[in-house]
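Report on the following structure.
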Amino acid sequence: MEYNFREIEKKWQKYWEENKTFKTHIDHNKPKYYVLDMFPYPSGSGLHVGHPLGYIASDIFARFKRHQGYNVLHPMGYDAYGLPAEQYAIQTGTHPKVTTEKNIKRYREQLDQIGFSFDWDREVRTCDPEYYKWTQWTFIKLFKHWFNNKTNQAEPIDELIKEFENNGSQNIDASCDPHESFTAAEWNQMSEKEQQQILMNYRLAYLSETMVNWCPALGTVLANDEVKDGYSERGGHPVERKKMKQWSLRISAYAQRLLEGLEKINWSESIKEVQRNWIGRSEGATVYFKIKEHDKRIDVFTTRPDTLFGSTFMVLAPEHDLVEEITTDEHKKEVEEYVNWAKNRSERDRISDVKKITGVFTGAYGVNPVNGKEVPIWVADYVLSGYGSGAIMAVPGHDSRDFAFAKHFNLPIIQVVVKKDEEPTDPADWSDSYDSKEGVMINSGFLNGMDVNDAITETIKFVENKGIGYGTVNYRLRDAIFSRQRYWGEPFPIYYKDGVPYPLNESELPLELPEVDKYQPTEEGDPPLARAKNWKTKEGYPLEVNTMPGFAGSSGYYYRYMDPRNNQEYFSKEAVKYWRDVDLYMGGEEHATGHLMYARFWSHFLYDLGLTVKTEPFKRLINQGKIQGRSNFVYRVVGTKKFVSYYKRKEYDTQRIHVDVNIVHNDELDIQAFREWMPEYQDAEFILEDNGTYVCGAEVEKMSKSKHNVVNPDDLIEQYGADTFRLYEMFLGPIYDDKPWDTQGIEGVFRFVKKFWRLFHDENNNFNVSEAEPDKKELKILHQTIKKVTDDMERFSFNTTISQFMICTNQLNELKCNKRAILEPLTVLLSPFAPHLAEELWRLLGHEETIAHARDPEFNEEYIKESTHEYPVSFNGKMRFKMELPLDMPKEEIEKKVLEEERAQKYLQGKTPKKVIVVPKKIINVVV
RNA sequence: GCGGCUAUGGCGGAACUGGUAGACGCGUCAGACUUAGGAUCUGGUGCCUUCGGGCGUGGGGGUUCGACUCCCCCUAGCCGCACCA
């Protein structure tokens with residue numbers, strides 16, 4: 001074989017490993033660059049061709065940055081806690097650690113074959129005690145901190161306690177759960193337990209009774225981003241709402257910072273938009289409504305305080321605290337029934353019945369604070385308990401939900417906004433609420449005549465002056481539920497004394513995951529850790545039996561990579577000052593609301609602790625597209641063992657069956673292989689095309705085992721080599737886009753690799769590179785390539801870079817150029833894409849050191865300068881012919897030359913052109 | 001319902017700031033070498049054509065000497081959010 005990739009690739013992979021070519025140290029003489037992939041969960045089925053796409057792109061970029069002289073941090077590790085290994089443990093009794101280790105080994109083998117430039121000495125695994133020690137450590141820090149809205153950051157809880165001791169709670173503006181305020185004297189008289197209960201309202205990691213997403217099939221609660229349309233994202237099991245005592249992280253405290261942080265990072269607009277929606281900031285006002293014949297009041301949040309005069313009724317969520325209290329005896333039964341019904345409704349029912357209008361009247365009346373009007377208070381489940389205050393003022397004239405409700409229950413509707421130059425109309429005739437984003441206020445007392453925006457500001461001023469409300473901001477972002485009733489996860493460093501949770505001392509970390517006899521809940525329904533023997537502290541206090549969720553370990557791993565073997569600290573000051581943040585983060589878009597939110601939150605918190613130098617962890621994020629499968633089909637004549645070829649299938653009654661794409665080449669079925677594929681096809685008969693072949697149908701679908709369209713990288717690497725595989729994955733199309741996999745196309749890239757090799761070798765495959773001076777033509781090709789490659793790299797346009805390599809190789813081949821002065825710089829340029837090939841050629845060129853740290857060739861404009869340009873000449877915008885003209889020729893002369901040109905006469909047809917446009921170095925357009 | 005993205009040959013895609021539409025590759029056709037080809041090499045290949053040319057970037061309109069690119073309207077597909085007051 002002329003180009004022996006099997007031997008070459010193995011040789012250099014071994015070289016890199018033995019020489020630690022990609023081991024990284026802090027080096028203050030070089031600028032740093034941190035390239036990170038989202039670390040994988042090592043699943044049992046290994047990699048298919050879609051998985052390495054992002055890793056290849058980031059590896060190319062990391063290698064490219066090394067050639068530019070950067071000190072590149074490019075680590076890899078494993079998000080090793082996860083449900084599949086645990087489910088397998090429940091079924092088979094195999095410890096998840098064993099399964100996980102086995103899967104990691106397989107992953108590593110597959111990754112190694114592709115030739116990545118990872119610094120494996122920095123590998124982390126989230127299930128390793130040396131790693132999760134710091135996950136637990138961060139949890140303790142979260143437990144010991146609260147969020148001060150005045151300073152907009154996390155502060156130690158000890159300082160809060162001091163403030164309580166001296167001044168009580170009155171001066172505190174914190175992000176916390178609502179509770180009664182108290183004086184210093186009251187605080188000092190409280191018992192330890194009472195004090196702890198108060199503090200729990202402030203902690204950034206806190207235990208509380210909350211509505212959770214309970215998934216009975218998985219036996220655990222799930223975070224909001226792990227639930228899709230009422231089903232668990234993993235496994236697709238039904239999810240219920242349930243009140244449970246759970247740990248949560250107060251990510252909502254950081255809502256504003258997480259929103260603002262998006263402005264300073266280079267992420268795709270789409271993913272930033274998803275995060276903005278998830279945070280869901282809305283500005284408005286909280287307004288107090290008195291309740292008739294009660295001393296309690298109802299606080300409502302509204303984004304449209306200007307429409308206060310249009311509020312004709314109020315609605316409370318079924319879970320609202322005051323429902324029971326205000327309901328009159330007359331309505332008691334009805335309300336109780338409704339509340340019960342609403343509470344027990346599953347999330348799925350609620351979602352599917354959104355259009356059904358339900359609700360009951362409580363018998364109570366609220367008092368509209370601007371005009372003193374009494375409005376009925378209803379209970380309805382279209383008002384959510386979790387958003388705002390769980391109560392609304394209904395403005396049916398200008399809100400479609402309130403409108404539908406008012407129509408259904410025959411409640412009054414008032415118009416308070418009218419568009420400029422329009423007359424108000426009778427709401428009784430409306431079929432929907434009236435759009436009121438712009439317009440002028442009517443029927444609104446002191447607001448009449450103002451436009452909407454002024455009225456909003458004016459109303460807020462008014463309620464604040466009267467002490468009946470205040471301008472405020474609401475966020476949709478919920479706190480993250482942080483406990484899971486599972487085995488395979490980080491144990492909480494928490495013990496209980498008298499039912500009150502306390503953190504372990506940092507010196508006691510890591511708190512290692514205990515052994516259990518079974519991986520299921522106990523008979524009493526406690527989580528698996530309750531099965532562990534002696535699951536208590538030295539002093540005998542019981543330890544927490546929940547474990548942390550999947551996102552715990554992945555929220556800070558990118559910092560740990562900076563200093564992964566440090567057993568004194570999470571990471572050293574020195575390391576974080578040098579590496580700072582991730583310059584390029586590569587990974588899937590599906591983590592938009594999960595991992596990418598939690599990691600940002602985690603990073604902001606570590607910043608508040610003074611541990612890091614940047615708030616935002618990921619400067620630039622690139623989301624690689626998915627690779628779709630390309631399925632093939634055979635057509636069985638129904639009820640027979642006969643298979644009819646694609647173009648003849650219409651003549652029969654057929655059934656379409658997926659066939660393994662690995663036994664189909666260019667849509668032609670390998671009949672022999674098909675017979676051997678499954679025993680039932682052994683004696684299959686075939687109705688072939690007239691040319692004697694069996695043609696399969698094809699379609700683009702998701703890549704999955706059941707569709708028999710999975711293509712495995714191992715097979716491709718065996719057949720074509722890792723370099724060809726890397727190149728082809730990048731050649732498929734833009735990195736950001738989803739694209740179908742078609743194994744057929746890899747041949748073209750393989751041919752290119754072989755051609756490139758041949759530039760350096762004679763017909764007998766002997767290395768043959770000349771020391772002769774390159775000529776102008778050759779230098780031009782080289783420098784065009786340098787420019788194109790360098791420009792395309794920065795925009796991650798790797799597919800066009802590879803095209804340029806192909807063009808360049810074809811041209812040099814034509815010129816029979818084998819000159820070192822051209823081929824050597826090209827080798828460096830190609831090396832990020834085809835590193836094994838480049839290393840081999842580099843060595844053949846006489847270099848003793850690895851090519852990995854060789855500097856990229858410098859671009860020289862002089863070599864690509866042209867003195868003439870082949871102008872396309874258009875007539876009325878249509879290109880007709882081309883003319884070679886000097887670049888320094890004045891426009892007037894070009895115009896003259898073109899009009900004299902023989903070929904132009906035909907299009908001029910004797911007329912004088914109206915206008916001739918000459919754009920230097922671009923085009924000539926003659927307007928006739 | 002709201003928000004975002006996408007649409008170019010038989011296929012993947014290129015054209016970065018308005019300036020030769022279809023680079024590069026696959027497939028396909030023809031030829032060369034060959035006992036053989038699913039190897040290698042050479043050439044053609046958007047569509048239509050009366051061989052003059054005409055038509056072409058999802059559809060319709062507009063701006064411009066010139067539009068895949070900018071503006072307006074529409075269609076289809078994908079993704080996200082979805083009683084968020």
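Basis for what follows: all heavy atoms, side chains included, without hydrogens, waters or symmetry-related copies. Throughout, a chain's letter reflects where its sequence line sits, starting with A, and its residues are numbered from 1.
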Hey, does the side-chain of A:Asn925 have a donor or acceptor N/O within less than 3.5 Å of a partner on the base of B:C65?
-> yes

Is the distance between the ring centroids of A:Trp757 and A:Phe5 under 6.0 Å?
-> no

Pairs under 3.5 Å (Watson-Crick or G-U), crossing ones as [ ], inter-strand ones as |: RNA chain B comes out as (((((((..(((......[....)))((((((.......))))))(((....)))..(((((..]....))))))))))))....

Look at the side-chain N and O atoms of A:Ser270 and state whether any lies under 4.0 Å from the OP1 or OP2 oxygen of B:C79.
-> no

Taking the C1' atom of each, how far is B:G19 from B:C74, in whole Å?
-> 29 Å

Taking the six-membered ring of A:Tyr3, is NZ or CZ of A:Lys754 closer than 6.0 Å to its centre and within 45° of its axis?
-> no

Would you please indicate if the ring centroids of A:Phe752 and A:Phe731 are separated by under 6.0 Å?
-> no

Taking OH from A:Tyr387 and P from B:C81, how many angstroms apart are they, rounded to a whole number?
-> 17 Å

Glycosidic conformation of B:G25, syn or anti, with 90° from 0 as the boundary?
-> anti

When you check the phosphate oxygens OP1 and OP2 of B:G27, does a side-chain N or O of A:Gln744 lie under 4.0 Å from one of them?
-> yes

Pick one for B:G9: is it syn, with its angle within 90° of 0, or anti?
-> syn

Could you check whether the rings of A:Phe409 and A:Trp378 sit parallel, tilted or perpendicular, using 30° and 60° as the cut-offs?
-> tilted

Determine the Euclidean distance between corresponding C1' atoms of B:A23 and B:G12; express it in Å to zero decimal places.
-> 13 Å

Derivation of the side-chain hydrogen bond (donor to acceptor under 3.5 Å, both in side chains) call for A:Trp341 and A:Asp381 = CA-CA 10 Å; A:Trp341 172 80; A:Asp381 74 347; over 6 Å; no

Between B:G10 and B:C48 - P atom distance, rounded Å = 9 Å

Looking only at side-chain N and O atoms, does A:Arg751 come under 4.0 Å of OP1 or OP2 in B:U40?
-> yes

Any idea which of B:G13, B:A15, B:C16 is nearest the A:Asp792 side chain?
-> B:C16

Between B:G13 atom C1' and A:Asn799 atom CG, what is the distance in whole Å?
-> 7 Å

A:Asp399 CG to B:A85 P, in whole Å, measures 9 Å

Could you tell me whether A:Tyr720 and A:Phe725 have their ring centroids closer than 6.0 angstrom?
-> no

Using a cut-off of strictly less than 4.0 Å, decide whether A:Lys754 has a side-chain nitrogen or oxygen near OP1 or OP2 of B:U40.
-> yes

Tell me yes or no: between the side chains of A:Asn810 and A:Lys755, is some donor less than 3.5 Å from an acceptor?
-> yes

Rounded to the nearest angstrom, tell me the gap between atom CD1 in A:Ile894 and atom P in B:C65.
-> 20 Å

Reckon A:Arg476 has a side-chain N or O less than 4.0 Å from the OP1 or OP2 of B:A82?
-> yes

